[in-house]
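Computed from a prediction, not measured in an experiment: that's the story for all the values here. The chains referred to below are lettered A, B, ... by the order of the sequence lines, with proteins before strands, and numbering in each begins at 1.
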Amino acid sequence: MSTSVPTADNMQVNDPQLKGKLKKAERFLKIRALLLVAPLVLFVLFTFVFPLTEMLYRSIHNPILVDNMPQAAALIREWGQVELPGEDIFSEVGKALVIAREQKTIGRIGNRLNSEHSGMRSLTTKSARKLGKYTGDDYKTYMLGLDKRWGEMETWSAFKVLSSEYTMTHYLAAFDMQYNAKGEIVPQPEDRQIYIDMLLKTLKLSLMVTVFCVILGYPLAYLLSVLPSSKSNLLMILVLLPFWTSLLVRTSAWIVMLQSKGVVNSLLLYLGIISEPLDMMYNQIGTVVAMTHILLPFLILPTYSVMKSISPVYMHAARSLGATPAHAFIKVYFPQSLPGLSAGAILVFILSIGYYITPALVGGRTGQMISNLIAYHMQTSLNWGLGAALAGSLLIVVLVLYGIYNRLVGASQLKLG
Amino acid sequence: MSDINNKYVSFQDVQKTYDGEILVVKGFNLDIGKGEFVTMLGPSGSGKTTCLMMLAGFETPTQGEIFINGTAVNRIAPHKRNIGMMFQNYALFPHMTIAENLAYPLQVRRMGRSEVEEKVKRALDMVELGGFESRRPKQLSGGQQQRVALARALVFEPSLVLMDEPLGALDKQLREQMQYEIKHIHARLGVTVVYVTHDQSEALTMSDRIAVFNNGVVQQLDTPQGLYEKPVNSFVADFIGENNVLHGKIESEENGICSLNVNGEKIKATAVTQAPAGTQVMMSIRPERVVLGSHHEGIDNSFVGSVKECIYHGDHIRVRVSLLGQDQFILKLPNSAATGGVSVGDSVQVAWSSGDARALDIVEY
Ligand SMILES: Nc1ncnc2c1ncn2[C@@H]1O[C@H](COP(=O)(O)OP(=O)(O)O)[C@@H](O)[C@H]1O
Ligand SMILES: [Mg+2]
């Protein structure tokens, strides 16, 4: 062609330049957008991502021997766990214990070893004291003479488990397992198996709370969505009212209601329905009732907002096509409200799995949940690694459940509004 | 035709109020014959949907009775009325495929599987959407969705189908195409259709008869031709088609022809109004019934006006003249050599026959 209309070829000549210009023009916009969200990103980083990774890191990080007796730890790592260690390991451990005693770290080391195998604290402190006076060079014979426990495989397995910087022992403990003397993973003794039971109980209570929230919340959300706005606004305020009062106050109110001399029991006794007060507080009933009450709005809100967006015309269409009201509701309305309901239910379930205050206040002994155990390890036993591992396994369980849900229903089906 | 066939659907003195204060529908009477295509036409808010909803059973009349096939239906639940319905926004169930949507009315009627499949296929073929069975409504265009909605309203073979502004969400071209499609299907299946629209041209092209609504009252019930040619009051004349209006007082009436005083001039028009002399009325005449020059047969009104605007429309020319104090008087002149010479500023002789001009009651709206 002889016209001056640019062809595809001579337009492409400009391309690199054009791209550069485009990038330049967009860079400014991008930077501005980034600056706007920067405070949020930093906030999330410092309040969420950083603490969470730190916590998860603690659940596998195990520096106690590597930091305090590096040479001994390196040797033990190589030990095969088939027969007792040789003189080289005995002498390194012996010397290291002496140094640890001088540096006053022997207590911490002993404590940590003790949590792998009981009796290790007294063994290490006692031996360290005696070893301080030992000047010979046959540590193996001397230590075996000091205490026969130095000749047991279990003792050395405890060292072996802690000899590497990263360890799965906390996670094993969180699932009621441990390493045996041969370094194999075996279940904990029966009397020390508590965490799996606790996890199962937590899942059971959370499921109950979720089911009750669905049973109570779904009809209410429906009512809210069909009432004229003057009435539904008032009702919505009542639904949200619990958010305006402190969690502590609301939970304590349930104590007043449900304790053995509380309002409910007094009323039932007075009416002659029961002859002895029911145990509704400081057990699982108390936990479930109070948590259902507290978490109910989290189910109602997403369900309501999805229901609000379902046009009544669908029900009309279904009725005109010959469906009874019940059939139309089940086949046409319910499936459309499901994204909101399942989003709300998942929210309630995940919130209740990690719930702490309510079980702590009203759960008594039997109504405790796994977060109460985590708090115990964080605050009382100071076994942060185990606490972190429990929290980590909770996170894993939630992710697995979410994955299953995603498989069955599809996360794209979730709607929070 | 028997009485039942003339009154397949019958509204008898139906009233409806939602709030106990305002009557949304007042004294509504309408008989619809079997197989007829009747349209309720009126501006938004005039109570058309309310009437349709009462017929479908989603609203109950405050007073009066509705009969379908001779049976009073006021106390029959919607799902037992066997009425097909089409809604403005399609109302296809978003969580079901097209086939499931169509199968729904058949499944609630407990039809066998093979029969359901057979009928769904036939209904989809009817609206030329074979092969779309497994799509979701969202994956179809507006026009396709509306065709599915039509198929769904017909698949269970109801003898009465209601349509509430079904084409309102479509663009103009698609709307016209769907109008013909619905019309053809109506002719083929012989179902009775009650159609609601606020679009007068849609009503004119599709309907056997049209009920023109305003303020909850039927202003006129007539064939499209009757409505256009013989509107009974100012509302209908204004609402249907284009219309030139002159306001004046009745001076006298004789043999159905009255003479009006408009701006000091005397105009002859067909007396549709029964009002006595001295009443203010409205004279209405269609633009295409007005001619230039006074040499035509049967012309008994002729006035001089000045041309304000000429717009070329190809087959015709639209001329706006100022006449009798009204400067929005429109003429539609066929595009011929005779009318080619009109230009802005000319003085022209504007004329019409009193048979085409109608003196109408002025109704408030
Ligand atoms: N469910 C309802 N509640 C109260 N008022 C309504 C309701 N539906 C319609 N209306 C009122 O009734 C009047 C007629 O409405 P409608 O029948 O929808 O008119 P149209 O379909 O002709 O536009 C309107 O003024 C509208 O506000
Ligand atoms: Mg309407």
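Judged purely by atom type and a 3.5 angstrom limit, A:His316 has no side-chain atom pairing as donor or acceptor with the backbone of B:Ala56. Panel note: side chain A:Arg319, backbone B:Ala77; no donor-acceptor pair is recorded below 3.5 Å.
Heavy-atom contacts from other residues, nucleotides or ligands closer than 6.0 Å to NE2 of B:His198 number 12 or fewer. Around CZ of A:Phe212, the count of heavy atoms belonging to other residues, nucleotides or ligands within 6.0 Å does not exceed 12. Environment of CZ in B:Arg188: crowded, with over 12 heavy atoms of neighbouring residues, nucleotides or ligands closer than 6.0 Å.
For the residue pair A:Val332 and B:His95, the shortest heavy atom distance occurs at O-CE1, 3.4 Å.
Separating the NZ atom in B:Lys80 from the OG1 atom in A:Thr324 is a distance of 9.5 Å, to the nearest 0.5 Å. Separating the NZ atom in A:Lys331 from the CZ atom in B:Phe93 is a distance of 11.5 Å, to the nearest 0.5 Å. The line from CG of A:Leu321 to NE2 of B:His79 is 12.5 Å long, rounded to the nearest 0.5 Å.
Heavy atoms closer than 4.5 Å to chain A are found nowhere in B:Met86, neither backbone nor side chain. For B:Leu162, no part lies under 4.5 angstrom from a heavy atom of chain A. Residue A:Ser311: no heavy atom, backbone or side chain, is found under 4.5 Å from chain B.
With respect to A:Ser320, the side chain to side chain contact (heavy atoms under 4.5 Å, CB included) criterion is satisfied by exactly one of B:Met85, B:Arg81, B:Arg152: B:Met85.
In terms of non-hydrogen atom pairs under 4.5 Å with chain A, the most contact-rich of B:Tyr104, B:Tyr90, B:Phe87 is B:Tyr104.
Taking 4.5 Å as the limit, some side-chain heavy atom of B:Pro94 sits within range of a side-chain heavy atom of A:Tyr314.
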